[in-house]
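Quick note: numbers below take in every heavy atom, side chains included, and nothing from hydrogens, waters or symmetry partners. As the structure lists them, so they are numbered: ligands from 1, and atoms in each ligand from 1. In this chain, numbering begins with 1 at the start of the sequence shown.
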Amino acid sequence: MNTQSNQTGRDRILIFDTTLRDGEQAPGAALSIDEKLTIARQLARLGVDIIEAGFPFSSPGDFEAVQKIAQHVGVEGGPTICGLARATQQDIATAAEALKPAYKHRIHTFIATSDIHLKYKLKKSRAEVLAIAEEMVAYAKSFTDDVEFSPEDAGRSDPEFLYQVLERAIAAGAKTVNIPDTVGYTTPAEFGALIRGIKENVPNIDQAIISVHGHNDLGLAVANFLEAVKNGARQLECTINGIGERAGNAALEELVMALHVRRQYFNPFLGRPADSEDSLTNIDTKQIYKTSRLVSNLTGMLVQPNKAIVGANAFAHESGIHQDGVLKNRLTYEIMDAQSIGLTDNQITLGKLSGRNAFRTRLKELGFDLSEQDLNKAFVRFKELADKKKEITDWDLESIVNDETQQTPEHFHLEWVQVTCGDHARPTATVTLRLPNGEELMDAAIGTGPVDAVYKAINRVVNVPNQLIEFSVQSVTAGIDAIGEVTIRLKQDDRIFSGHSANTDIIVASAQAYVNALNRLYAAMQHPEKSEAAAAKI
Ligand code: KIV
Ligand code: ZN
């Protein structure tokens with residue numbers, strides 16, 4: 001195979017994951033540094049080519065997260081680690097500094113090119129933007145050979161001006177030019193034509209990879225990208241579960257599975273024989289489901305049940321006619337196998353008598369490589385669960401491991417919670433929380449229901465004003481003894497904080513999820529500069 005084309009990715013599609021940058025801009029998705037590292041590790045297992053780990057100049061926390069990911073995940077043989085920077089020297093130098101530890105690193109710099117952004121946001125002329133783009137790409141190039149340039153709001157920019165900016169950015173050293181539909185405005189045919197126009201009108205376009213980036217305001221991001229691929233795009237910028245600013249970004253799992261399931265359709269656009277079975281991306285599709293669950297759990301952003309590929313109903317057949325067809329032959333109503341995204345049958349794997357070794361081995365098989373400390377914590381939870389639940393499935397294991405290894409900064413620790421309720425009792429809760437200095441605080445409250453009583457009691461202890469805006473319980477497996485996963489979101493001023501927890505007792509899970517969210521809120525109150533910088537992102 002041609003090494004040059006391999007390096008530039010022209011004979012396959014590069015997957016650029018921006019869950020930790022653009023995805024994290026979703027309201028309330030804010031992740032701790034350790035949570036970002038956990039996600040980055042999983043993205044590397046998934047096989048993404050590039051991880052956009054953050055926007056280092058935006059806050060000290062983002063800087064540290066990018067640096068840690070560069071150090072621990074950007075190792076030899078791992079993905080390229082990328083940092084975002086506006087087209088300013090300070091932003092670019094800060095990104096370069098944070099990315100230093102990575103074996104392969106990329107600086108992604110951007111400036112808007114649409115007239116509307118130039119006039120109202122930048123207050124600059126086209127000539128000024130052209131000069132800045134060229135100068136800042138050259139500046140970024142002084143730190144690394146791998147520079148990506150984005151003309152923000154390209155979807156609404158004058159194509160003739162766009163061609164000029166891209167030509168100058170490539171001449172200054174950009175190896176990737178990324179075309180963002182920042183406001184999710186274009187339609188597939190328009191976006192495809194935009195990419196074709198760039199290919200045909202930017203004289204030095206052969207020296208760069210064309211990338212696409214898009215938001216889902218009209219629900220068209222994935223369709224736009226697939227049209228872009230047909231017209232020459234070879235890098236797709238996307239996020240797990242499609243999370244991101246407003247309606248989100250193009251969803252990685254949808255793009256990857258569309259390219260996988262329909263590879264015979266897409267092969268010729270990449271110059272391959274139509275019947276080639278070679279993968280169009282480097283993604284290990286079997287890691288998709290697990291990555292989706294991890295991101296959902298850590299960000300607190302639930303996946304809608306009918307979401308393509310990773311939604312709870314994506315592989316469920318409800319109608320009798322469909323069920324009958326599938327029983328006769330799966331191909332009647334299934335275009336892909338649930339196992340191809342790593343959704344194993346709800347396998348019963350372990351029970352009460354299973355020992356530590358069996359536990360460790362099964363976790364390894366499921367792709368969890370835990371430290372000794374995390375393994376110990378997860379094993380204790382497993383034993384507790386095995387006392388309550390006869391058969392423990394892979395999904396149960398995944399749920400307790402994700403829960404135990406979640407890295408919420410802990411100021412308030414839930415010691416215990418007790419509730420009385422029933423049709424002849426006023427729901428009453430007593431809770432005890434422990435502070436870092438060991439002090440234990442206890443209080444009680446009456447509520448409209450048991451969860452309300454617990455939350456009121458916790459509020460009396462912590463005394464941190466907030467408004468609960470979302471509460472949801474989902475069961476991990478079928479059966480009355482299933483683990484319940486509680487996800488909550490709460491709001492203080494304009495900021496949203498999420499919390500997640502899993503337990504066979506949903507009252508305990510509810511209390512723990514609430515305490516997790518309060519811990520995040522509390523951490524933000526201690527470091528307001530981090531959240532202000534985060535709010536001021538892009
Ligand atoms: O949506 C957008 O335009 C962006 C750029 C920074 C690429 O996120
Ligand atoms: Zn974006």
Practice prompt. Sort by chain and number the protein N/O/S atoms found under 2.8 Å from the Zn ion (ligand 2).
Written response: Asp22 OD2, His213 NE2, His215 NE2
Discussion item. Determine whether Arg126 and Leu118 satisfy the following criterion, side chain to side chain contact (heavy atoms under 4.5 Å, CB included), listing intermediate values before the conclusion.
Written reply: CA-CA 7 Å; Arg126 287 186 175 189; Leu118 262 61; 3.7 Å; yes
Worksheet entry | Lys/Arg-Asp/Glu bridge criterion (N-O < 4.0 Å) met for Arg293, Glu398 | yes
Discussion item. Using heavy-atom distances only, which candidate in Glu245, Glu237, Arg21 approaches atom 5 (C) of ligand 1 most closely?
Written reply: Arg21
Worksheet item: Are the charged groups of Asp217 and Arg246 less than 4.0 angstrom apart, N to O?
Response: yes
Worksheet item: Which atoms from ligand 1 have a heavy atom of Glu152 less than 4.0 Å away?
Response: 3 (O)
Worksheet item: Does the side chain of Asn313 pick up a donor-acceptor pair with the side chain of Asn306 at under 3.5 Å?
Response: no
Discussion item. Less than 4.0 angstrom from a charged side-chain N to a carboxylate O is my criterion; do Asp49 and Lys104 meet it?
Written reply: no
Worksheet item: Does Glu52 pair with Arg106 as a salt bridge, N-O distance under 4.0 Å?
Response: no
Discussion item. Side chain or backbone, does Thr182 bring an N or O within less than 3.5 Å of an N or O on ligand 1?
Written reply: yes
Worksheet item: Polar-atom distance check: His108 versus ligand 1, any N or O pair below 3.5 Å?
Response: no
Worksheet entry | Proximal atoms of ligand 1 relative to His215 (non-hydrogen, under 4.0 Å) | 1 (O)
Practice prompt. Give yes if a backbone or side-chain nitrogen or oxygen of His213 is under 3.5 Å from a nitrogen or oxygen of ligand 1, and no if not.
Written response: yes
Discussion item. So, regarding Asp22 and ligand 1 (criterion: nitrogen or oxygen to nitrogen or oxygen, under 3.5 Å), is there a contact or not?
Written reply: yes
Worksheet item: Salt bridge or not for Arg86 and Glu152, using N-O below 4.0 Å?
Response: no
Item to complete: Assess Arg262 against Tyr265: is NZ or CZ under 6.0 Å from the centre of the six-membered ring, and within 45 degrees of the ring's axis?
Response: yes
Worksheet, complete the sentence: Residues at least two apart in sequence or cross-chain that pass salt bridge (Lys or Arg N to Asp or Glu O under 4.0 Å) with Lys68, listed by chain then number, are Asp34
